[in-house]
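One structure is given here, and the rest of the page talks about it.
To find a chain, count down the sequence lines: A is the first, B the second, and so on, and within it residues start at 1.
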Amino acid sequence: MLKVYNTLTRKTEEFQTLEPGVVKMYVCGVTVYNDAHVGHAMSALVFDVVRRYLEFRGYKVKHVMNFTDVDDKIIARANALGEDPFALAQRYIDDYRQNLLDLNILPATSNPRATQTMKEIISMVQGLIEKGYAYPAPNGDVYFRVTKEKEYGKLSGRKLEDMQAGARIEVEEQKEHPMDFALWKGAKPGEPAWDSPWGKGRPGWHIECSAMNLAELGEQIDIHGGGNDLIFPHHENEIAQSESYTGKPFSRYWMHNGMLQLGGEKMSKSLGNIISIKEFLSKRDADVMRMLVLNGTYRAPLLFNDETLDAAQKNVERLKSGLRPAAPSASGLSAEAASALASQAESAKGSFTDAMDDDFNTAGAIAALFEIVKAINTARDSGANDEQLLPAQNMLHTLTGVLGLRLRDKKGSADVDPFVNLLIEVRTEARKQKQWAMSDLIRDRLKELGVTIEDSKDGTTWRWG
RNA sequence: GGCGUCGUGGCCAAGUGGUAAGGCAAGGGUCUGCAAAACCCUCAUCACGGGUUCGAAUCCCGUCGACGCCUCCA
């Protein structure tokens, strides 16, 4: 039975979908005005794993991830660069899509954009006004009336009274209440704007997600995800808008990932301590980033530094070791030993799913995979042949795939394989004649060319890397 | 100040009532001409102080500390 921690109730709950076998999942994407950083990657990876596991469990997942492609920051950056804001947004959308592909993150089933959801946004704002949950202000803005929504604050666990104390007193004479937030912003000269019943303007930040949810998934969804820095105000406001509008509970489960920590601080655009996804991938494999995330708890802060990354890389290497072939002249295991290996893999699969069922405990799941690795390596050391290793290796491959790990070996050109094999053959002959200098030279030179050689009593193997 | 998360071996990190998963690092060993890899062995009583219980890392109270949100933010 799958259990999920729900931010809304602060409890781990049994996972039940609105519609049997189908999961409607909405994950907040990014505002496209700059290169996406590894913190965004963490969030995307977390929900990619959630999705992959749900699919592994047999659910059909409708996975929606939005792009916020019009807002203050995009406009500001575009002005600074002297670029058209829409062109700038498009450029970063393309970049981000590529980042996700490079990270082996499955494309969402739908990627709505604020600018392409304008009709729905406007009619939702209109509806909220009609129901008394919103009001237009003289300056062309439309605000949500937080005092009208009795449950406002339920996600973040705040009370309106508490928030007032700490709230920055804005020079916002237009608002009835300091915590009222903008559903629609009247356009200033030179800004991108759309026609609306309240004059030219553009949507506030939160309303687009409510509108996209409605348009893409309907009035109620199963999972709403994002970083925990979005709990307030973004998700709180989304709930307020959506539930006021439909009169129904919005999302059954709210899932939030923890923040990536760089040097003890959250990595964020405003702090400027950023490593872009592109920059990361120029130095490390995508599997390393994924392993870093998998080795921790998705809800907890994640330490991002050379030590944790090196460890993640080692973990990846270790998983790969399980996929290596048998020694060339392996003698073979007894039938009993071979089937024991297969059943060890089967039982590790049970541990894997038990861990993942427990609120996506990926660290526990990884431990189960290491059990398979150890069993395979032990069997190989005992002389198992490729055929005998295969069932366990297939299992390992399947389960690492559920976590989205590629575990690809570095690839050299296949054309050179015969020549490498020839060199190995020559070296084997040299070793028979105890010509150690020669065999070491071959080994060292091949290493320089990216080929790693390993000798065992059952023969010599090689691989790229 | 308010709300919330958390504090497990040198490092990362599972584990919510019954005597501490896993990985990395370290030390010892097997194998090997050497090396590498792999395998085997060793390595913690769970921030601190109280309490509840037959029994707590796990529940309660307090202290200290870290982090997040309260303003744009994955």
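- Side-chain atoms of A:Q90 and A:D94 include a donor-acceptor pair closer than 3.5 Å.
- Counting non-hydrogen atoms under 4.0 angstrom, A:I453 reaches a base of the nucleic acid.
- Here B:rG9 sits opposite no nucleotide as a Watson-Crick or G-U wobble pair (both hydrogen-bonding atom distances under 3.5 Å).
- In this structure, of B:rA74, B:rC34, B:rC24, it is B:rC34 that holds the atom nearest to the side chain of A:D455.
- Across all strands shown, B:rU42 forms a Watson-Crick or G-U wobble pair with B:rA26, both key distances being under 3.5 Å.
- The interatomic distance linking A:L155 (CG) with B:rC3 (C1') rounds to 12 Å, in whole Å.
- Residue A:G153 is out of contact with every strand shown, counting any heavy-atom pair closer than 4.0 Å.
- Between the CZ atom of A:F304 and the C1' atom of B:rA13 there is a distance of 18 Å, given to the nearest Å.
- Remark: the separation of the P atoms in B:rA44 and B:rG50 is 25 Å, to the nearest Å.
- A:K434 comes within contact range of no nucleotide atom at all, as no heavy-atom separation falls under 4.0 Å.
- Between the side chain of A:D381 and the base of B:rC31, no donor-acceptor pair under 3.5 Å is found.
- If you check every strand for non-hydrogen atoms under 4.0 Å, A:R299 touches nothing.
- Between A:N361 and B:rG15 there is a side-chain N or O to OP1 or OP2 distance below 4.0 Å.
- In the displayed structure, A:E279 atom CD is contacted under 6.0 Å by more than 12 heavy atoms of other residues, nucleotides or ligands.
- With hydrogens and angles ignored, a donor-acceptor pair under 3.5 angstrom links the side chain of A:R431 to the base of B:rG33.
- Base pairing of B:rC3 is made with B:rG68, judged by Watson-Crick or G-U wobble geometry with both donor-acceptor distances under 3.5 Å.
- Residue contacts for A:R318: at a heavy-atom cut-off of 4.0 Å it reaches the sugar-phosphate backbone alone, with no base atom in range.
- On the P atoms, B:rG68 is 36 Å away from B:rG27, given to the nearest whole Å.
- Counting non-hydrogen atoms under 4.0 angstrom, A:R77 reaches nothing in the nucleic acid.
- Applying the side chain to side chain donor-acceptor pair (under 3.5 Å) definition to pairs two or more places apart or across chains, none involves residues 344-353 of chain A.
- Toward the 5' end of RNA chain B, the nearer of the two residues A:Y298 and A:N377, judged by each one's closest nucleotide, is A:Y298.
- Across all strands shown, B:rU63 forms a Watson-Crick or G-U wobble pair with B:rA47, both key distances being under 3.5 Å.
- Of the residues near RNA chain B, A:Y5 and A:A367, the one whose nearest nucleotide (by heavy atom distance) lies more toward the 5' end is A:Y5.
- Listed nucleotides: B:rC12, B:rA74, B:rC70. Nearest to the side chain of A:F232: B:rC70.
- Straight-line distance between the P atoms of B:rC43 and B:rG7: roughly 25 Å, to the nearest whole Å.
- Among the nucleotides B:rG68, B:rA74, B:rG33, the one closest to the side chain of A:Q261 is B:rG68.
- Pair assignment for B:rG33 gives none, since no Watson-Crick or G-U wobble pairing has each distance under 3.5 Å.
- The same atom, P, is picked in B:rG18 and in B:rC59; the two are 11 Å apart, to the nearest Å.
- Distances shown here put a side-chain N or O of A:K314 below 4.0 Å from the OP1 or OP2 atom of B:rA25.
- Among the protein residues, A:E454 comes within range of the nucleic acid bases, having at least one heavy atom under 4.0 Å from a base atom.
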Chi angles and distances behind the side chain to side chain donor-acceptor pair (under 3.5 Å) call for A:H397, A:Q393: CA-CA 6 Å; A:H397 207 79; A:Q393 287 182 322; over 6 Å; no
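- Side-chain N/O atoms of A:K73 and base N/O atoms of B:rC72 include a donor-acceptor pair closer than 3.5 Å.
- No side-chain heavy atom of A:M356 sits under 4.5 Å from any side-chain heavy atom of A:L399.
- Between A:R158 atom CZ and B:rU71 atom C1' the separation is 11 Å, expressed in whole Å.
- The stretch residues 440-449 of chain A touches RNA chain B through A:D440, A:R443, each having a heavy atom within less than 4.0 Å of the strand.
- In a base pair of the Watson-Crick type (N1 to N3 plus N6-O4 or O6-N4) or a G-U wobble (N1-O2 and O6-N3), with each distance short of 3.5 Å, B:rA21 is matched with no nucleotide.
- Atom CG of A:N66 and atom P of B:rA74 are 10 Å apart (whole Å).
- B:rA56: no Watson-Crick or G-U partner with both key distances under 3.5 Å is found in any strand.
- Under 4.0 angstrom from either OP1 or OP2 of B:rC40 there lies at least one side-chain N or O belonging to A:K374.
- Comparing B:rC46 with B:rG10, their P atoms sit 13 Å apart, to the nearest whole Å.
- Across all strands, A:N228 comes closer than 4.0 Å only to sugar-phosphate atoms, never to a base (heavy-atom distances).
- Remark: A:N295 is not in phosphate contact with B:rC12, judged by side-chain N or O atoms under 4.0 Å from OP1 or OP2.
- Proximity of A:R284 to A:D310: side-chain heavy atoms (C-beta onward) are separated by under 4.5 Å at one or more points.
- Within 4.0 Å (heavy atoms only), A:I231 reaches no atom of the nucleic acid at all.
- Rounded to whole angstrom, the span from the CD atom of A:E236 across to the P atom of B:rG4 amounts to 13 Å.
- With A:D357 as reference, A:Y53 is the one residue of A:F352, A:Y53, A:F15 to meet the side-chain contact (heavy atoms from CB on, under 4.5 Å) rule.
- One interatomic measurement links the two molecules: CZ of A:R10 to P of B:rC3, which rounds to 12 Å at whole-angstrom precision.
- Side-chain polar atoms of A:T68 and A:E208 form a donor-acceptor pair below 3.5 angstrom.
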